[in-house]
Amino acid sequence: MINVFIDTITPCLSDAKTGELVQTEVIQITRKSFLKKYNKKNGWYTNWDQLIDDNEVYALVVEGSVDIQGLVSVVKDDDAKACYISWMCASPENNHQITESIRYKGVGGHLFAIAANKSIDFGFEGMMYGFAANKMLLDHYIEKFNAEFIGILHPFQFAIDEDNAKNIMEVYTYDWTDEKL
C-alpha cells in the first residue's frame, strides 16, 4: 500500500515550523533486526521487517544521520516492465493522517522519486506502479504526478509513466549512500 501525502513540491525536506531546508540521503535497509521497530503498532502501517525477504527497502534520512523520515519498498517486476512499489509511508511524525503538526514537508514526493530512480536502475526508465491506500490518495497521485488509474489488480491501482517519473526526479533531490543498515 502507498500511504503518503504530497504536501510540498520541494527539492529538499522543509522543516514544517521554520521552513528551513534539510538535505537528505537514501540508505538501503538490508537487516531485519534494524526494521523491527518500524511496525504497525507504532504508526508505520506494516511490519517492515517482514518485507525485507521479497523487497528492496530504502529509507529517506536526514543527511548524516539514520533519522528515518520515510520508507519505501520496491520490487523489480519484469512481467509488467515496471518497478512495483509494494509499500511506502512517511514516518508517523511526518504523516498527515496521524498528526497535524508534522516535522518535515516533502517526504512523500521524495519517496516517489526514490521509486522512480529504482525503476531506472531496474531498466524500466522510470515506469512504476502501486496501490494507493484509498480513493482520496489515488485521486491525489493523479492530480500531483499525472498518475494513471489502472484498477486491474486492486481498486486503487495506479501507474506513473516514464515521463512523469522523470519530472518527479527533477524536483526532488537527495544523495544515494553506499551505506546499508
Within the distance-only criterion (no hydrogens, no angle test), does the side chain of [X] pair as donor or acceptor with the backbone N or O of [Y] below 3.5 angstrom?
{"X": "T99", "Y": "E93", "result": "no"}
{"X": "T24", "Y": "E63", "result": "no"}
{"X": "N55", "Y": "L51", "result": "yes"}
{"X": "T46", "Y": "W48", "result": "no"}
{"X": "S73", "Y": "S86", "result": "no"}
{"X": "T30", "Y": "L181", "result": "yes"}
{"X": "T173", "Y": "P11", "result": "yes"}
{"X": "H140", "Y": "I6", "result": "yes"}
{"X": "N39", "Y": "N42", "result": "yes"}
{"X": "Q157", "Y": "I150", "result": "no"}

According to a hydrophobic-cluster definition based on side-chain heavy atoms being under 4.5 Å apart (Ile, Leu, Val, Met, Phe, Trp, Tyr only), do [X] and [Y] belong together?
{"X": "I29", "Y": "L60", "result": "no"}
{"X": "I160", "Y": "L153", "result": "no"}
{"X": "Y58", "Y": "I27", "result": "no"}
{"X": "V26", "Y": "V61", "result": "no"}
{"X": "F122", "Y": "I52", "result": "no"}

Quick check: closest heavy atoms across [X] and [Y], and the distance to 0.1 Å?
{"X": "H154", "Y": "A132", "value": "CE1-O, 3.7 Å"}
{"X": "Y129", "Y": "A80", "value": "CE2-CB, 4.0 Å"}
{"X": "M128", "Y": "F112", "value": "CE-O, 3.8 Å"}
{"X": "G126", "Y": "I120", "value": "N-CG1, 3.5 Å"}
{"X": "F124", "Y": "K76", "value": "CE1-CG, 3.6 Å"}
{"X": "Q23", "Y": "C12", "value": "NE2-SG, 3.3 Å"}

Can you check whether [X] reaches [Y] side chain to side chain, under 4.5 Å on heavy atoms?
{"X": "F156", "Y": "M1", "value": "no"}
{"X": "I68", "Y": "K37", "value": "no"}
{"X": "N95", "Y": "W44", "value": "no"}
{"X": "M88", "Y": "V74", "value": "no"}
{"X": "E56", "Y": "Q28", "value": "yes"}
{"X": "I102", "Y": "V107", "value": "no"}
{"X": "L13", "Y": "Q69", "value": "yes"}

Centroid-centroid distance, F145 to F158, less than 6.0 Å: no
With a 6.0 Å cut-off on the ring centroids, do F149 and Y141 count as close? no
Hey, could you give me the [atom1]/[atom2] distance between [X] and [Y], rounded to the nearest 0.5 Å?
{"X": "D77", "Y": "S119", "atom1": "CG", "atom2": "OG", "answer": "10.5 Å"}
{"X": "K144", "Y": "D139", "atom1": "NZ", "atom2": "CG", "answer": "13.0 Å"}
{"X": "M169", "Y": "E162", "atom1": "CE", "atom2": "CD", "answer": "12.5 Å"}
{"X": "T18", "Y": "E20", "atom1": "OG1", "atom2": "CD", "answer": "5.0 Å"}
{"X": "R103", "Y": "K17", "atom1": "CZ", "atom2": "NZ", "answer": "9.0 Å"}
{"X": "L111", "Y": "L71", "atom1": "CG", "atom2": "CG", "answer": "7.5 Å"}

Criterion side chain to side chain contact (heavy atoms under 4.5 Å, CB included) on F34 and D49, from CA distance to verdict: CA-CA 8 Å; F34 184 84; D49 64 319; over 6 Å; no
Residues that D121 engages under side chain to side chain contact (heavy atoms under 4.5 Å, CB included), provided they are two or more places apart: N117, K118
Do the numbers put K40 on top of the ring of Y38, so that NZ or CZ is under 6.0 Å from the six-membered ring centre and no more than 45° off the axis? no
Under the side chain to side chain contact (heavy atoms under 4.5 Å, CB included) rule, what do V75 and D54 come out as? Steps first, then yes or no, please. CA-CA 7 Å; V75 176; D54 301 319; 5.7 Å; no
L137 vs I2, side chain to side chain contact (heavy atoms under 4.5 Å, CB included): CA-CA, chis, key distance, verdict: CA-CA 8 Å; L137 285 172; I2 300 173; over 6 Å; no
Please determine whether side chain to side chain contact (heavy atoms under 4.5 Å, CB included) holds for the pair N3 and Q97, giving the CA-CA distance in whole Å, both sets of side-chain angles, and the decisive distance to 0.1 Å. CA-CA 9 Å; N3 202 345; Q97 297 175 56; 2.6 Å; yes
